[in-house]
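Working notes for the structure below.
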Amino acid sequence: ILRRGRLRRAPLAQFANRRFQLLRREASLLENLARLAIGNHEAEQQTLGCVLLEPKILDDLASILVSEDFYADANRLLFGHLIGMGRDNRRIDVALLIDRLRQCGDIERIGGTAYLYEVVQSVSVASHWRSYAAIALRESKRRQIIHAATELLRSAWEDLPEDSLARADQLLGAIKT
């Protein structure tokens with residue numbers, strides 16, 4: 001930097017601080033990217049619709065997916081209710097699910113009865129439920145990896161390397177394969 005004809009160098013601490021601020025901004029951008037819609041809404045809907053059409057698949061589906069694998073809030077909520085109905089050994093169909101959602105006060109949270117009928121009508125072939133579930137699971141893993149990468153970037157700048165490596169093992173180990 002020139003000041004009154006003399007060259008003045010920025011102290012190393014100022015440079016390091018500026019670099020740290022830029023990298024934190026990049027981490028913030030990555031975090032915003034992680035929040036982008038990464039999912040396959042149609043596959044999620046079709047997976048749920050298959051359960052409503054063929055309730056016997058619920059146990060097998062529950063061994064593949066958990067509620068958190070659904071990106072859309074409505075789909076996550078619906079799957080949770082379906083799992084609850086299966087756990088309670090209750091019969092599953094659209095009318096019974098609507099009744100359960102009303103009793104729990106969740107019918108509007110999923111978009112009303114119209115959304116449930118949209119879910120059922122989205123299914124082209126109910127026997128393809130494993131393929132729809134595989135797509136939903138793939139997108140869930142993608143979101144989990146992005147979340148882990150974002151957390152690791154933040155940890156790399158703020159924590160000791162040993163702590164960051166331990167965090168990496170923890171975050172990546174939590175992603176089901």
* Side chains of Val125 and His128: closer than 4.5 Å at any heavy-atom pair? -> yes
* To do: Run the salt-bridge test on Asp88 and Arg100 with the 4.0 Å N-O cut-off and return the result as yes or no.
  => yes
* Hey, any chance Val94 and Trp129 share a hydrophobic cluster, counting ILVMFWY side chains that come within less than 4.5 Å of each other, even indirectly? -> yes
* Structure fact -> Output for pair (Glu44 CD, Glu42 CD), nearest 0.5 Å, gives 9.5 Å
* Rounded to the nearest 0.5 Å, how far apart are CG of Asp59 and CZ of Arg87? -> 12.0 Å
* Would Tyr132 end up clustered with Leu58 when hydrophobic side chains under 4.5 Å apart are linked, directly or stepwise? -> no
* To do: Identify the two heavy atoms, one from Ala133 and one from Leu61, that lie closest to each other, and give their separation to 0.1 Å.
  => CB-CD1, 3.6 Å
* Asked: Would you find a donor on one side and an acceptor on the other, under 3.5 Å apart, between the side chain of Thr47 and the backbone of Ala43?
  -> yes
* Of all heavy-atom pairs between Gly86 and Ile92, which one has the smallest distance, and what is that distance? -> N-CD1, 4.3 Å
* Asked: Do Arg102 and Leu97 come within less than 4.5 Å of each other through their side chains, counting heavy atoms only?
  -> no
* Which residues pass the side-chain hydrogen bond (donor to acceptor under 3.5 Å, both in side chains) test with Asp99, sequence neighbours left out? -> Gln103
* Where do Leu172 and Ala148 come nearest, in terms of heavy atoms and distance? -> CD2-CB, 4.1 Å
* Any donor-acceptor N/O pair, Arg76 side chain to Tyr71 backbone, under 3.5 Å -> yes
* Taking the side chain from Arg167 and the backbone from Ala156, do they hold a donor-acceptor pair closer than 3.5 Å? -> no
* **Approximate separation, where rounding is to 0.5 Å, of Lys56 NZ and Cys50 SG** => 12.0 Å
* **Set of residues satisfying side-chain hydrogen bond (donor to acceptor under 3.5 Å, both in side chains) with respect to Asp106, sequence neighbours excluded** => His81, Arg109
* Asked: Do Ile83 and Leu137 belong to the same hydrophobic cluster, where Ile, Leu, Val, Met, Phe, Trp and Tyr are linked whenever their side-chain heavy atoms lie under 4.5 Å apart, directly or via other members?
  -> yes
* Asked: Less than 4.5 Å apart, any side-chain heavy atom of Arg143 and any of His147?
  -> no
* Asked: Which atoms form the tightest heavy-atom contact between Tyr117 and Ile98, and what is the distance?
  -> OH-CD1, 3.9 Å
* Structure fact -> ring-ring contact (aromatic ring centres under 6.0 Å, His included) filter on Phe79, not counting sequence neighbours, yields Phe70
* Structure fact -> Rounding to 0.5 Å, atoms CG (Leu101) and CG (Leu78) come to a distance of 6.0 Å
* Asked: If you group Ile, Leu, Val, Met, Phe, Trp and Tyr by side-chain heavy-atom gaps below 4.5 Å, do Leu82 and Ile57 land in one group?
  -> yes
* Asked: Considering all heavy atoms of both residues, which atom of Asp159 and which atom of Ser164 are nearest to each other, and what is their separation?
  -> CB-OG, 3.9 Å
* Evaluate the side-chain proximity of Arg130 to Asp60: yes if any heavy-atom separation is below 4.5 Å, no if none is. => yes
* Backbone N or O of Ser122 within a donor-acceptor pair of the Gln46 side chain at under 3.5 Å? -> yes
* Any idea which heavy atoms bring Arg91 and Leu96 closest together, and the distance? -> O-CD1, 3.4 Å
* To do: Verify, without hydrogens or angle tests, whether Ser140 (side chain) and Ala136 (backbone) share a donor-acceptor contact under 3.5 angstrom.
  => no
* Between atom CG of Leu153 and atom CD of Glu158, what is the distance when rounded to the nearest 0.5 Å? -> 9.5 Å
* To do: Report yes if the side chains of Leu52 and Asp93 come closer than 4.5 Å at any heavy-atom pair, otherwise no.
  => no
* Asked: Linking I/L/V/M/F/W/Y whenever any side-chain heavy atoms sit under 4.5 Å apart, do Leu152 and Ile145 land together?
  -> no
* Is Leu116 close to Leu48 at the side-chain level, that is, under 4.5 Å between some pair of heavy atoms? -> no
